[in-house]
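All remarks here apply to the structure that follows.
Both backbone and side-chain heavy atoms feed into the values below; hydrogens, waters and symmetry mates do not. Quantities reported herein were computed from a predicted structural model and do not represent experimental measurements.
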Amino acid sequence: MAEGHTITIEQHTERVRAVHGGRVLAESTRALVLRETGCPPRYYLPAEDVRLDLLAPSESHTYCPFKGTASYWSLPDTADLVWAYPEPKPEVARIKDHLCFYEVETV
């Protein structure tokens with residue numbers, strides 16, 4: 001990590017839902033919350049709790065020096081709505097096999 005940059009990952013204790021266009025894309029009581037310097041909290045949901053049948057892999061990839069290379073998934077009307085780190089850096093290994101949405105509800 002760069003000096004002053006931190007990432008923490010904790011088990012979230014509430015239900016998390018990702019909804020788009022009125023359709024529930026994911027719902028989990030097993031989400032991880034990732035807090036990173038300069039970023040809003042992000043909820044990573046286990047792949048088993050995500051409706052991957054509704055999402056299509058995207059050609060997009062981005063690189064984070066702290067987490068690794070992200071892969072994205074899209075809906076027909078919304079590109080790159082969901083991302084994951086298939087091979088995260090060792091410091092954030094807990095997010096492997098988890099997906100993240102830009103917006104979620106906690107209930």
Partners of D77 by salt bridge (Lys or Arg N to Asp or Glu O under 4.0 Å), sequence neighbours excluded? none

To check you understand the geometry: which heavy-atom pair defines the closest contact between P46 and S28, and what is its length? CD-OG, 3.5 Å

E14: partners by salt bridge (Lys or Arg N to Asp or Glu O under 4.0 Å), with sequence neighbours left out: none

Roughly how far, to the nearest 0.5 Å, is CG of L34 from SG of C100? 8.0 Å

Can you name the residues that form a side chain to side chain donor-acceptor pair (under 3.5 Å) with E10, not counting sequence neighbours? R35

Using side-chain heavy atoms (C-beta onward) and a distance below 4.5 Å, is P57 in contact with S71? no

Applying salt bridge (Lys or Arg N to Asp or Glu O under 4.0 Å) to R42 and not counting sequence neighbours gives none

Just say parallel, tilted or perpendicular for the rings of H5 and F66, cut-offs at 30° and 60°. parallel

Is there a donor-acceptor pair closer than 3.5 Å between any side-chain N or O of R94 and the backbone N or O of I9? yes

Any pair with a residue in residues 97-107 that passes side chain to side chain donor-acceptor pair (under 3.5 Å), sequence neighbours left out, goes on the list, sorted by first then second residue, please. R17-E105

Identify, with sequence neighbours excluded, every residue that meets side chain to side chain donor-acceptor pair (under 3.5 Å) alongside H20. T78

Considering residues at least two apart in sequence or located in another chain, which fulfil the side chain to side chain donor-acceptor pair (under 3.5 Å) criterion with S60? S58, D80

Which residues pass the salt bridge (Lys or Arg N to Asp or Glu O under 4.0 Å) test with K89, not counting sequence neighbours? none

Connected hydrophobic set around V19, excluding itself, where side chains approach under 4.5 Å: V24

Whether T69 side chain and Y63 backbone form a donor-acceptor pair below 3.5 Å: no

In this structure, CD1 of I7 is separated from NZ of K67 (nearest 0.5 Å) by 5.0 Å

Whichever hydrophobic residues join F101 through chains of side-chain contacts under 4.5 Å: V16, L25, V33, Y43, L45, V50, L52, L54, L55, W73, L75, L81, V82, L99, V104

Under the rule for side chain to side chain donor-acceptor pair (under 3.5 Å), what residues qualify as partners of E59, not counting sequence neighbours? none

Under the side-chain contact (heavy atoms from CB on, under 4.5 Å) criterion, do Q11 and L32 qualify, and how do the steps go? CA-CA 5 Å; Q11 187 67 49; L32 300 173; 3.5 Å; yes

For residues 18-28, the salt bridge (charged side-chain N to carboxylate O under 4.0 Å, His left out) pairs (sequence neighbours left out) are R15-E27

